[in-house]
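Just below is one structure, and these are the notes that go with it.
Read the numbers this way: they start at 1 and go in the same order the structure lists the ligands and their atoms. Values below: every heavy atom of this structure, side chains too, minus hydrogens, waters and symmetry copies.
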Amino acid sequence: MDLTTLSIDAIHAGLLARQFSAEELVRATLERIERENKAIRAYLTLSPERALAQALEIDRKVRAQEPLPPLAGVPVAVKDVLSTKGVRTTCASRILERYIPPYDATAVERLEAAGASILGKTNCDEFAMGSSTENSGFFPTHNPRDLTRVPGGSSGGSAAAVAANLAAAALGSDTGGSIRQPAALTGVVGMMGTYGRVSRYGLVAFASSLDHVGPFGRTVSDVARVLGVIAGRDARDSTSADVPVPDYWVALEADVRGLKVGVPDEYFNGLSPEIGDNIQKGLDLMARLGMKVEPIRMLHTDYAIACYYIICTAEASSNLARYDGVRYGFRESGADDLREMYKKTRDHGFGAEVKRRIMLGTYVLSSGYYDAYYRKAQKVRALITRDFLEAFDKVDILVTPTSPVPAFKLGERMDDPLQMYLADIYTVTASLAGVPGISVPCGVTRSSPHLPVGMQILAKHFDEARLLRVAHAFERAGGFEVA
Ligand code: GLN
């Protein structure tokens with residue numbers, strides 16, 4: 001039996017039946033990482049001692065016939081923007097290359113309390129800024145489906161780890177698409193809950209009003225299991241919502257017949273048939289499952305990219321002011337005075353994309369341009385949110401492509417930041433509105449190499465259960481292999 005390909009439920013059953021131990025499972029996964037990570041480069045740091053200590057504790061519970069927690073023995077990977085106590089947390093930035101946090105992020109703490117083994121920290125775009133994981137300050141990650149291509153980003157390391165069975169599940173962060181887009185490009189499931197659903201405590205801030213923590217898994221049910229563990233109010237994050245968390249896993253089985261599926265025209269204008277054909281087949285399948293598919297308009301969609309890149313850079317420029325060589329991590333030596341120390345530290349510590357965003361963000365917030373850019377973007381954000389609220393008066397869920405293109409070649413978009421920004425054209429709208437979204441596999445491209453295509457499903461605020469239910473019905477009906 002290949003332990004590294006098991007679902008969370010199969011892990012649970014296997015442990016209870018004593019077919020294997022949690023220690024064997026973690027060791028099998030670490031061995032696979034040892035063999036395969038050299039080519040994929042999904043991980044930045046491994047934490048085998050921490051993973052094994054947890055596994056031994058689970059094995060003790062099994063022997064003592066104590067009840068097993070929901071993620072008992074599950075080997076998970078964590079994006080390197082989430083704090084891990086005693087384990088290096090770099091945000092894939094040189095400026096935090098040697099930073100060791102004194103505390104765990106709430107999501108990490110909850111995973112471990114639920115029995116999961118933290119295998120290590122995964123590569124990403126520096127401070128989660130990017131769509132390909134090529135902006136990592138260390139090295140790019142390769143897409144396990146085709147090593148010459150990007151895994152998407154910014155949570156590309158987490159997506160690649162799950163796609164290549166180097167972890168059973170993973171955590172990522174999504175600010176404008178960074179879980180959903182890499183899930184689509186690597187052929188796994190990735191989900192962003194409603195803004196506030198999962199605590200951001202211990203998530204290194206990029207754009208605080210847009211940042212989310214969320215799960216990757218190989219199946220919808222695995223994602224439901226992980227979300228159920230990490231979701232819910234946390235007193236240490238004042239934006240975390242005090243809204244009851246349903247049992248997502250139980251909700252998977254409810255009926256989908258009669259649900260209304262809205263398909264926004266704006267997301268299909270000029271879409272390449274390579275992606276569009278698969279999404280159409282996915283929609284046909286949903287209709288066969290008894291859902292009612294209908295077109296819908298979302299009139300402010302065209303403004304989303306501009307709006308997102310004004311707001312996220314503004315917030316980033318403020319959040320990243322803390323890396324000054326005094327408080328965290330790296331400090332450049334050889335400066336004569338304080339100002340020069342700041343300058344040299346930030347110049348050497350940050351990569352090109354991070355600097356570009358700090359400059360852009362500082363500009364849109366500057367007194368002369370605040371009204372023209374930042375304030376206007378906030379107004380547009382309100383209009384985009386209204387598009388969603390109005391849409392959800394008419395339909396239960398929305399379906400769109402996750403990404404306009406399949407995985408592109410490493411290096412292909414690096415010289416053109418605008419092209420890179422357009423990778424998020426279908427994901428940033430939900431981020432701006434704060435509604436939950438999931439990307440599920442929806443077949444592969446017809447032309448060779450056959451690359452994964454992702455379908456994005458969106459629901460209204462705090463309606464994750466319905467979203468997971470539709471995704472699960474789609475998966476069970478063969479939607480992942482559609483086309
Ligand atoms: N690719 C988008 C960006 O570069 C989204 C990033 C994210 O969601 N963290 O901002």
Side-chain angles (χ1 to χ4, degrees), residues 78-82 91-93 122-137 140-141 150-159 170-186 190-193 195 198 200 203-216 304-320 350-361 364 377 381 402-405 407-408 413-414 416-439 454 456:
V78 174
K79 185 180 183 181
D80 210 19
V81 292
L82 285 152
C91 298
S93 179
T122 54
N123 197 19
C124 54
D125 289 297
E126 186 175 4
F127 286 102
M129 297 175 187
S131 306
S132 68
T133 313
E134 293 167 293
N135 292 337
S136 166
T141 294
V150 302
S154 64
S155 314
S158 286
L171 290 184
S173 71
D174 192 315
T175 302
S178 279
I179 293 177
R180 292 160 287 155
Q181 185 259 16
L185 270 49
T186 58
M191 178 156 180
M192 167 186 85
Y195 182 77
V198 179
R200 289 183 294 113
L203 169 67
V204 177
F206 157 17
S208 312
S209 79
L210 294 156
D211 291 343
H212 303 67
V213 178
F216 286 95
I305 283 279
C307 174
Y308 169 80
Y309 278 96
I310 289 173
I311 293 174
C312 85
T313 55
E315 294 186 21
S317 71
S318 161
N319 274 325
L320 270 60
F350 289 141
E353 181 61 28
V354 173
K355 288 179 188 164
R356 187 178 296 127
R357 295 200 189 198
I358 292 173
M359 286 191 284
L360 201 57
V364 300
R381 183 178 190 173
T402 307
S403 160
V405 289
F408 42 92
R413 293 188 175 205
M414 276 306 270
D416 188 349
L418 207 57
Q419 266 308 103
M420 196 68 98
Y421 294 174
L422 289 173
D424 306 312
I425 191 155
Y426 301 137
T427 47
V428 294
T429 46
S431 312
L432 289 163
V435 299
I438 193 169
S439 178
Q456 177 175 238

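For the atom pair CG of Asp211 and OG1 of Thr175, the computed distance is 4.0 Å after rounding to the nearest 0.5 Å. With rounding to the nearest 0.5 angstrom, the CD atom of Glu315 is 12.0 Å from the CG atom of Leu320.
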Under the side-chain hydrogen bond (donor to acceptor under 3.5 Å, both in side chains) criterion, do Arg381 and Ser209 qualify, and how do the steps go? CA-CA 11 Å; Arg381 183 178 190 173; Ser209 79; 2.8 Å; yes
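If you check which protein heavy atom lies closest to atom 2 (C) of ligand 1, you get Asp424 OD2, 3.0 Å.
The residue among Pro182, Ser132, Ser178 with a heavy atom at the shortest distance from atom 7 (C) of ligand 1 is Ser178. Of the listed options Gly130, Gly176, Ala207, Gly130 places a heavy atom closest to atom 1 (N) of ligand 1. Nearest-heavy-atom check against atom 4 (O) of ligand 1 across Glu353, Met192, Arg357 picks out Arg357.
Nearest heavy atoms, Gly153 versus Pro182: O-CD, 3.4 Å. Nearest approach of Ser158 to Leu171, heavy atoms of both residues: OG-O, 2.8 Å. Contact record, Ser403 with Tyr426: C-CD1, 3.9 Å, taken as the closest heavy-atom pair.
Polar contact check, Gly153 against ligand 1: no nitrogen or oxygen pair lies under 3.5 Å apart. Checked against a 3.5 angstrom limit, the closest N/O atoms of Ala128 and ligand 1 fall inside it. Considering backbone and side-chain N/O of Tyr308, one or more are found under 3.5 Å from N/O of ligand 1.
Near Phe206, the atoms of ligand 1 lying under 4.0 angstrom from a non-hydrogen atom of the residue are 9 (N), 10 (O). Counting the atoms of ligand 1 from 1 in the order shown, those under 4.0 Å from a heavy atom of Ser154 are 9 (N).
Just one residue in the list Asp424, Ile438, Thr427 forms a side chain to side chain contact (heavy atoms under 4.5 Å, CB included) with Arg180, and that residue is Thr427.
For Tyr421, the heavy-atom gap to ligand 1 stays at 4.0 angstrom or more.
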